[in-house]
Amino acid sequence: MAKLVINQSKVGNIQEVINICPFGAMEEKNGELLINAACKMCKLCVKKGPAGAIEYVEEEKAVIDKENWKGIAVYVDHIDGVIHPVTYELIGKAKELAGKINHPVYAVMMGSNITKEAQELLHYKVDKVFVYDQEKLARFIMEPYTAVFEDFVNRMKPTAILMGATPVGRQLAPRLAARLKTGLTADCTILDITEETDLVQIRPAFGGNIMAQILTPNHRPQMATVRYKVMDAPKRNEAEAGEIVECSIDTDKLTSKVEVLDIIAKEKEQFIEASEVLVVAGRGIKKEEDLQMIQELADLLGGQVACTRPVMEAGWLEAKRQVGLSGRTVRPKLIITCGVSGSVQFAAGMNNSEHIIAINKDENAPIFKTAHYGLVGDLYEIIPNLINQIKLSKGA
């Protein structure tokens, strides 16, 4: 990454130089000119400032000996030993990637009294499970968990690290990437790897209009987060394979400026990601009261109601029910979209569902390119009829 270097002796009138920047990225402190985080690297200050006062310096590319970095590591996301399903999905993807470059697969689990739970990972043919089982790791706290992960990276030097885009993963991944001075790609939907062990990280960008292909060829480890329900989880094997590696870290490194005073259990709720049947309300729903019709259909099918972004933004349903890149990624056995146009942003969040039924009066709606079955017509006629048919079937 390039940087700006200020030669204070050549600045002259500091206020005049500050006025050059259209972004307010310059300020005076203790009689010196400083550049703050608002800098866009437009180099206007270099061109219009006093000669030699500010220099634009290209940073030399780091030279990485890729042979020193072996293995693909998966962070084991868990709460009190209960492993989040996204971990198994990432293990499946890690095995696939590792097979292409003949690297081992590692799992990293940290917590307290978790050695027994870590044993479960051996049923998924992980080569090594590194377990940091210490009392101070009982709950997720940013600084200790980052220190532990850094210890693992220094110990094993994995070429890539995969983490779930969970509440913990979204906090831990960027902190670790900053600590290791490496890159991080969030919410990847496709992962691949080259013969040179460069991780190909693909994710939607610009509102889902393009698929960006991102590589980190000059830094290691390479890091990516992946949402739940995007990858395929491998089948559990009856026999165990691999080994548990018990690790520890100096307790002095597990200090934190945050003190957990109490933990209040949240009332359990079923998220749409876990539902096998979803009925999605789209822009074609005319008013909030009409969601009762969608709810009735979902209840009859034993599923949940979900929605698109316009319905959420109207305040008719909570954000946690939104399907799409800016909402939740789902993979139910059956999803019925009602009045959904089918934008790329929405489709990317549900296109791996087993069975997709689309109801829309516009036969040219993009959703029909994604759906397995399409019903062209007025949803206010189709859905009540569908509800009656299901009721008759249940009655029979």
Side-chain angles (χ1 to χ4, degrees), residues 187 189 204 206-209 227-230 267-395:
D187 290 345
T189 55
F206 295 101
N209 291 314
R227 289 190 187 189
Y228 178 39
K229 293 281 188 179
V230 170
E267 184 178 344
K268 288 187 177 181
E269 58 181 316
Q270 186 180 10
F271 296 103
I272 60 173
E273 298 99 308
S275 182
E276 293 190 346
V277 177
L278 288 176
V279 182
V280 184
R283 196 190 295 269
I285 301 298
K286 297 176 181 177
K287 54 184 183 295
E288 186 175 1
E289 292 75 16
D290 296 339
L291 289 175
Q292 295 175 5
M293 172 178 64
I294 305 297
Q295 184 67 62
E296 184 178 4
L297 177 59
D299 291 340
L300 285 169
L301 295 172
Q304 290 194 70
V305 172
C307 68
T308 59
R309 186 168 183 169
V311 174
M312 182 276 293
E313 290 181 339
W316 295 355
L317 288 172
E318 310 125 302
K320 63 185 178 182
R321 292 188 178 275
Q322 181 194 338
V323 175
L325 293 178
S326 57
R328 306 292 178 97
T329 301
V330 297
R331 204 172 188 174
K333 291 184 177 179
L334 171 64
I335 185 168
I336 302 175
T337 66
C338 307
V340 175
S341 63
S343 67
V344 175
Q345 197 266 4
F346 171 79
M350 50 70 75
N351 57 7
N352 287 320
S353 304
E354 287 187 28
H355 300 285
I356 303 171
I357 299 176
I359 303 172
N360 198 299
K361 63 182 179 182
D362 180 6
E363 63 181 15
N364 295 315
I367 190 65
F368 289 123
K369 296 180 181 179
T370 304
H372 301 110
Y373 308 96
L375 298 175
V376 179
D378 189 344
L379 66 89
Y380 285 91
E381 295 177 3
I382 294 175
I383 294 178
N385 186 41
L386 185 58
I387 290 173
N388 289 334
Q389 292 293 329
I390 294 173
K391 286 180 177 179
L392 288 172
S393 177
K394 286 179 176 284

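- Of the residues listed (Asn351, Val230, Thr189), the one engaging Thr329 in a side-chain contact (heavy atoms from CB on, under 4.5 Å) is Val230, and it is the only one.
- Proximity of Asn385 to Gln389: side-chain heavy atoms (C-beta onward) are separated by under 4.5 Å at one or more points.
- Under the 3.5 Å distance criterion, the side-chain polar atoms of Arg283 are left unmatched by any main-chain donor or acceptor of Ser341.
- Scanning both residues, Ala281 and Val311, for their nearest heavy atoms gives O-CG2, 3.5 Å.
- Salt-bridge annotation for Lys361 and Glu381: absent, with no side-chain N of the basic residue lying under 4.0 Å from a carboxylate O of the acidic one.
- Between Arg328 and the options Met350, Arg227, Lys229, Glu273, a side-chain contact (heavy atoms from CB on, under 4.5 Å) holds for only Glu273.
- The two residues Ile272 and Gln322 have their closest heavy-atom pair at CD1-O, 4.0 Å.
- When side chains are defined from C-beta on, Arg321 counts as touching Gln304, because their heavy atoms get closer than 4.5 Å.
- By the 4.5 Å heavy-atom criterion applied to side chains, Lys391 and Leu300 are counted as neighbours.
- Of all the heavy atoms in Leu325 and Pro204, the pair that sits closest is CD1-CB, 3.3 Å.
- In this structure, Phe346 and Val323 approach most closely via the heavy-atom pair CD1-O, 3.5 Å.
- Closest of all the heavy-atom pairs between Pro332 and Val277 is CB-N, 4.2 Å.
- At distances below 3.5 Å, at least one donor-acceptor pair connects side-chain atoms of His372 with backbone N or O atoms of Ile356.
- Qualifying ring-ring contact (aromatic ring centres under 6.0 Å, His included) partners for Tyr228, counting only residues two or more places apart in sequence or in other chains: His84.
- Looking only at distances, no side-chain donor or acceptor of Gln295 sits under 3.5 Å from a matching main-chain atom of Val305.
- Of all the heavy atoms in Leu291 and Trp316, the pair that sits closest is CD1-CB, 3.7 Å.
- In this view, Glu313 and Arg309 satisfy the salt bridge (Lys or Arg N to Asp or Glu O under 4.0 Å) rule, not counting sequence neighbours.
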